[in-house]
Amino acid sequence: MPEGHTIHRAAQDHGALIAGHRVSAVSPQGRFADGAALIDGALCLGTEALGKHLLYHFDVQQTLHLHLGLGGYFVTGAQPASAPRDVTRLRIETGRALIDIIGPNTCELIPNDALDGFRHRYGPDLLAADPDPDRAIAAIRKSRAPIARLLMDQKVISGIGNIYRAEILWLRGLDPMTPGKNLSETQLRALWDDMRALLQIGVATGAIITNSETPSPKREVRERTNIFGKDICPRCDGQIVKSQLSGRTLYHCPRCQT
DNA sequence: AGAGTTGTTCAAGC
DNA sequence: AGCTTGAACAACTC
């Protein structure tokens, strides 16, 4: 479900819903009962996105940490609400709004004094207010792993998932298998700028939009990609090649990406 | 019904 | 040490 833009967007939305409010929290199937009990009645101080991770700060000594993983998602809404679904892990609500967290990869509390350590475990976040691209660029230039793998490695850079990686490498005409150390600082800086701009579009629209086709204004916004999930390259009309890299499907155009 | 999927972590092997 | 693979987890869609 999410790449970095989803989580940053959720951080904004959820912050608007519950920051500054006392919340009630329940774990309908009891799979996060202890955590829910600790949050229940606490004042939400704000939310924080770190790449694909989402933190909710409360006036207690621990912070709620979520990662949606592959299949997780949120449902937000106004009161009165229907009962949480069977798959709902945690419901957070104020008198006026609620957030259901469904199918997360990670739903846990981390002690506040461990937050800095947590933040330093990951590479610079493309969507941070003032990120440090040099850290990511240096890590890439030190590695002989393929750039397609490095872009997905959140320890190197935070926010890119399988769709953005395919799209960005195609946009820049880069062979996904190029070793990181073969890329110049200039190339990587341009790549960073492109990725950041694309993710910002993602936050603004709620969709992964990497092509410049005119959007149909009425239709619900959905993903608009160049090669992800496609068979034919829009640039050269050649076949898009699907392969497996670290268990994920990699798309690329062998003619355009060399 | 089963496979695939916008993801990560861990363990083990090279 | 850096790099790679495979399994496990989760909830949805086709």
Side-chain angles (χ1 to χ4, degrees), chain A residues 1-11 27-32 49-55 65-75 84-91 100-108 110 117-119 121-123 125-127 138-171 176-182 195 198-203 205-211 220-231 242-252:
Chain A
M1 207 73 163
E3 299 200 20
H5 68 294
T6 309
I7 300 308
H8 277 258
R9 197 177 158 90
S27 177
Q29 327 113 294
R31 282 199 288 161
F32 189 56
L50 293 168
K52 303 175 186 175
H53 299 265
L54 182 48
L55 303 177
H65 167 222
L66 295 185
H67 191 295
L68 290 186
L70 209 51
Y73 60 100
F74 300 113
V75 173
R85 314 231 280 99
D86 283 350
V87 289
T88 301
R89 181 79 52 90
L90 175 66
R91 167 171 281 188
D100 278 352
I101 296 147
I102 299 166
N105 187 4
T106 304
C107 178
E108 64 177 6
I110 52 183
F118 176 78
R119 294 186 181 104
R121 285 221 295 277
Y122 298 100
D125 182 353
L126 284 156
L127 286 168
I140 292 170
R141 297 202 67 204
K142 264 198 321 213
S143 173
R144 52 192 169 82
I147 184 63
R149 180 189 304 283
L150 295 169
L151 292 183
M152 292 275 286
D153 185 345
Q154 307 297 303
K155 292 182 198 64
V156 171
I157 183 168
S158 287
I160 294 295
N162 204 20
I163 300 180
Y164 278 119
R165 97 153 151 196
E167 294 292 309
I168 197 71
L169 291 172
W170 180 85
L171 284 167
M177 288 311 183
T178 309
K181 56 184 351 166
N182 290 11
M195 291 189 288
L198 288 180
L199 279 163
Q200 285 169 343
I201 292 172
V203 174
T205 59
I208 298 176
I209 297 174
T210 55
N211 66 21
E220 189 188 347
V221 184
R222 64 174 64 149
E223 280 33 301
R224 290 209 314 272
T225 58
N226 296 295
I227 65 162
F228 183 88
K230 312 267 183 178
D231 295 323
K242 263 168 80 168
S243 54
Q244 290 291 122
L245 184 63
S246 304
R248 308 299 303 281
T249 304
L250 173 67
Y251 292 82
H252 84 288

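A note on names: the letters A, B, ... follow the listed sequences, proteins ahead of strands, and every chain is numbered from 1.
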So, OP1 or OP2 of [N]: does either fall under 4.0 Å of a side-chain N or O from [X]?
{"X": "Gln154(A)", "N": "dG7(B)", "value": "no"}
{"X": "Thr249(A)", "N": "dG4(B)", "value": "no"}
{"X": "Arg149(A)", "N": "dT4(C)", "value": "yes"}
{"X": "Arg85(A)", "N": "dC12(C)", "value": "yes"}
{"X": "Tyr73(A)", "N": "dA11(C)", "value": "no"}
{"X": "Tyr122(A)", "N": "dT9(B)", "value": "yes"}
{"X": "Arg248(A)", "N": "dT5(B)", "value": "no"}
{"X": "Arg31(A)", "N": "dA10(C)", "value": "yes"}

Margin query: Test your reading of the model: is there a side-chain donor-acceptor pair from Glu167(A) to the backbone of Ile227(A), 3.5 Å cut-off?
Written below: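 The answer is yes, because a donor-acceptor pair under 3.5 Å joins these two groups.
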
Next item on the list: Using atom types as modelled and distance alone, determine if a side-chain donor or acceptor of Arg224(A) lies under 3.5 Å from a backbone N or O of Ile209(A).
Entry: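 It does not hold such a pair.
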
Next item on the list: Could you check Leu55(A) against Phe118(A) for side-chain contact (heavy atoms from CB on, under 4.5 Å), going step by step and ending with a plain yes or no?
Entry: CA-CA 11 Å; Leu55(A) 303 177; Phe118(A) 176 78; 4.2 Å; yes

Check: Taking atom P in both dA7(C) and dA3(B), what distance in whole Å separates the two?
Finding: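 Pairwise P distance, dA7(C) against dA3(B), rounds to 14 Å.
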
Margin query: Taking dG6(C) as the reference, what is the distance to dG4(B) when you measure between their P atoms (whole Å, please)?
Written below: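 Per the computed distance, 14 Å lies between those P atoms.
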
Notebook entry, point to check: How are the rings of His5(A) and Tyr164(A) set relative to one another: parallel (under 30°), tilted (30 to 60°) or perpendicular (over 60°)?
Noted result: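 Judged by the thresholds at 30° and 60°, the geometry between His5(A) and Tyr164(A) is perpendicular.
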
Next item on the list: Look at the rings of His53(A) and Tyr122(A) and say which category their plane angle falls in: under 30° parallel, 30 to 60° tilted, over 60° perpendicular.
Entry: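 It falls in the tilted class, 30° to 60°.
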
Next item on the list: Tell me which nucleotide among dC3(C), dT5(C), dG7(B) gets nearest to the side chain of Arg144(A).
Entry: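 Shortest atom-to-atom distance from the side chain points to dC3(C).
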
Note to self: I want to verify a distance call: between dC3(C), dT6(B), dT5(B), whose nearest atom is closest to the Ser143(A) side chain?
What the structure shows: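 Selected nucleotide: dC3(C).
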
Reckon [X] touches a base, only the sugar-phosphate, or nothing at all at heavy-atom distances under 4.0 Å?
{"X": "Asn105(A)", "answer": "base"}
{"X": "Thr6(A)", "answer": "nothing"}
{"X": "Gly72(A)", "answer": "nothing"}
{"X": "Pro146(A)", "answer": "sugar-phosphate"}

Nearest-Å distance for atom pair [atom1]/[atom2], residues [X] and [N]:
{"X": "Ile160(A)", "N": "dG7(B)", "atom1": "CD1", "atom2": "C1'", "answer": "14 Å"}
{"X": "His65(A)", "N": "dT9(B)", "atom1": "NE2", "atom2": "C1'", "answer": "12 Å"}
{"X": "His67(A)", "N": "dT6(B)", "atom1": "NE2", "atom2": "C1'", "answer": "11 Å"}
{"X": "Leu66(A)", "N": "dT8(B)", "atom1": "CG", "atom2": "P", "answer": "14 Å"}
{"X": "Glu3(A)", "N": "dT6(B)", "atom1": "CD", "atom2": "C1'", "answer": "5 Å"}
{"X": "Leu70(A)", "N": "dT13(C)", "atom1": "CG", "atom2": "P", "answer": "14 Å"}
{"X": "Lys155(A)", "N": "dG2(C)", "atom1": "NZ", "atom2": "P", "answer": "12 Å"}
{"X": "Ile102(A)", "N": "dT13(C)", "atom1": "CD1", "atom2": "P", "answer": "11 Å"}

Next item on the list: Would you mind pulling out the nucleotide paired to dG6(C), Watson-Crick or G-U wobble, both distances under 3.5 Å?
Entry: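 Its partner is dC10(B).
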
Check: Any side-chain heavy-atom pair from Ile160(A) and Leu199(A) closer than 4.5 angstrom?
Finding: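 Side chain of Ile160(A) against side chain of Leu199(A), heavy atoms only: contact under 4.5 Å found.
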
